[in-house]
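Have a look at the structure below before the remarks.
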Protein chains: 2
Amino acid sequence: MPKIGMEPVRRRALITAAIEAIHDRGMAGLTMGDIAKRAGVSSALAHHYFGSKDHLLIATMRHLLDELGEEFRRRLAEANTPEARIDAIIEGNFAPCQFQPTVISAWLAFYMQAQHDAEAMRLLKVYLRRLESNLVAGLGAMLPPAVARDTARGAAAMIDGLWLRAALKATDVPAEEAIRLVRDYVSSTVKRHA
Amino acid sequence: MPKIGMEPVRRRALITAAIEAIHDRGMAGLTMGDIAKRAGVSSALAHHYFGSKDHLLIATMRHLLDELGEEFRRRLAEANTPEARIDAIIEGNFAPCQFQPTVISAWLAFYMQAQHDAEAMRLLKVYLRRLESNLVAGLGAMLPPAVARDTARGAAAMIDGLWLRAALKATDVPAEEAIRLVRDYVSSTVKRHA
DNA sequence: TATTTTTGATTGAGCCATCAATCAACAAAA
DNA sequence: TTTTGTTGATTGATGGCTCAATCAAAAATA
């Protein structure tokens with residue numbers, strides 16, 4: 001019973017399916033057929049909407065960026081003090097909808113892809129710059145510029161590292177603990193320079 | 001002009017070639033033919049020595065682990081104080097031979113592979129545990145147990161995150177700066193608890 | 001309202017290229 | 001001549017992508 005206006009629904013479903021497929025097949029074993037099957041459609045339809053596997057992947061990455069960006073926007077809108085803004089960024093990174101095995105795997109794949117795909121690299125830099133500038137903006141109000149930049153880099157690195165580790169569940173570090181670790185790092189640096 | 005005793009030479013060359021191929025083709029575009037060509041041999045020879053693509057990949061991962069382990073061993077052998085041991089671990093992670101785009105890409109691929117490959121996961125856990133226990137061992141002499149564990153996790157995460165960022169050269173963070181960031185984090189935590 | 005036309009949604013079948021893996025054969029050292 | 005090193009040719013399977021055809025809803029027309 002095909003209805004009209006299916007395009008956005010299918011695009012969404014295929015992107016979600018791609019994220020899942022990346023998670024449990026890996027980039028090497030990723031096929032359009034598998035993705036399409038997970039989305040409940042034929043592989044031909046996936047090609048119809050995205051043109052090619054590469055395009056679907058790029059769209060998936062863009063989706064990840066958008067979701068995370070939206071998460072930040074929501075939280076930053078309610079943060080009034082510099083401290084609250086820092087917390088918003090830290091907690092945004094570990095929000096339940098982001099801090100999931102499938103999503104983390106997809107981000108990992110994204111990082112890999114960026115090494116040999118110019119568009120992926122471009123998108124990734126958007127994320128990196130946004131994260132760092134958000135952190136610097138918050139920290140700038142509490143620390144000397146040089147220290148603020150260092151701390152932003154350290155915190156950003158710690159966040160990414162905690163993501164990486166969460167991907168494997170090798171050492172089970174739940175979101176709350178991750179948040180606490182980054183927060184402690186930042187707040188102790190701020191206190192030291194008070 | 002085939003000589004005798006080629007096996008270790010070929011194995012080495014193929015593994016290095018695999019690391020390079022992963023870096024600039026990605027896991028998706030990785031082929032035995034490409035790897036073999038980079039190593040200057042036929043793809044048949046790669047199969048002859050490794051049996052299969054999977055085996056070659058596992059051997060490559062094992063090689064990465066061995067190299068890093070050796071780096072640690074060398075540095076830890078000359079470290080007498082707890083402080084020196086911490087430094088040895090931090091600096092070992094950013095040693096020139098480790099902190100290279102190709103090697104970092106391979107580690108990234110390794111992380112991804114671990115999500116759906118049991119052997120890769122097993123190997124990766126070896127690395128994670130070794131890093132964390134080395135850090136905890138050094139920090140235990142200077143900090144209360146709970147704080148030592150947290151700091152070890154924070155430092156380990158920061159190290160991995162700095163690696164991740166170095167992979168892209170998006171935000172150019174040279175080794176010395178990375179080392180300084182992690183060291184500052186650890187030393188300021190130690191001072192705070194002195 | 002009934003009928004025709006149009007159009008978006010969808011797929012099965014299949015082409016074509018690629019690639020992992022195998023094999024038979026050959027060259028050089030021992 | 002046995003062993004080790006090596007390759008080109010081959011194959012079987014797989015997967016990206018195309019295409020012609022179908023189907024059902026919407027729009028247009030009578």
Check this for me, if you would: do B:Arg75 and B:Glu78 make a salt bridge, where the nitrogen-to-carboxylate-oxygen distance has to be below 4.0 angstrom?
no

If the threshold is 4.0 Å, N to carboxylate O, is there a salt bridge linking A:Asp24 and A:Arg38?
yes

Rounded interatomic separation in angstrom, taking [atom1] from [X] and [atom2] from [N]:
| X | N | atom1 | atom2 | result |
| --- | --- | --- | --- | --- |
| A:Met6 | C:dT7 | CE | C1' | 15 Å |
| A:Arg25 | D:dT14 | CZ | C1' | 14 Å |
| A:Arg12 | C:dA9 | CZ | C1' | 20 Å |
| B:Leu45 | C:dA24 | CG | C1' | 16 Å |

Taking only distance into account, with no hydrogens and no angle test, what donor-acceptor pairs under 3.5 Å do side-chain atoms of residues 99-113 of chain B form with protein atoms, sequence neighbours excluded?
unit_1	atom_1	unit_2	atom_2	d
B:Ser105	OG	A:Gln115	OE1	2.4
B:Ser105	OG	B:His23	ND1	2.6
B:Ser105	OG	B:Pro101	O	3.1
B:Tyr111	OH	B:Asp160	OD2	2.9

Contact list please: residues 46-59 of chain A against DNA chain C, heavy atoms, distance less than 4.0 Å, in numerical order.
A:His48, A:Tyr49

Going by heavy atoms closer than 4.0 Å, what residues in residues 32-43 of chain A are next to DNA chain C?
A:Val41, A:Ser42

Among C:dA9, D:dT6, C:dC19, which nucleotide sits nearest the side chain of B:Thr31?
C:dC19

Which nucleotide sits closest to the side chain of B:Ala44: C:dT22, C:dT10, D:dT6?
C:dT22

Check whether any side-chain N or O of B:Lys53 sits under 3.5 Å from a backbone N or O of B:Leu30 as a donor-acceptor pair, and report yes or no.
yes

Kindly indicate, with the supporting measurements, whether the criterion salt bridge (charged side-chain N to carboxylate O under 4.0 Å, His left out) is fulfilled by A:Glu177 and B:Arg153.
CA-CA 10 Å; A:Glu177 196 176 328; B:Arg153 285 190 179 167; 2.7 Å; yes

Using side chain to side chain donor-acceptor pair (under 3.5 Å) as the criterion, list what pairs up with A:Arg85, not counting sequence neighbours.
none

On the nucleotide C:dT10, are OP1 or OP2 found under 4.0 Å from the side-chain N or O atoms that A:Arg10 carries?
yes

Sequence neighbours left out, cut at 3.5 Å: what donor-acceptor pairs do the side chains of residues 55-66 of chain B make with other protein atoms?
unit_1	atom_1	unit_2	atom_2	d
B:His55	ND1	B:Ser52	OG	2.8
B:Thr60	OG1	B:Leu56	O	2.7
B:Arg62	NH2	B:Glu119	OE2	3.0

Contacts satisfying ring pair (Phe, Tyr, Trp, His ring centres under 6.0 Å) that involve residues 67-87 of chain A (not counting sequence neighbours) are none

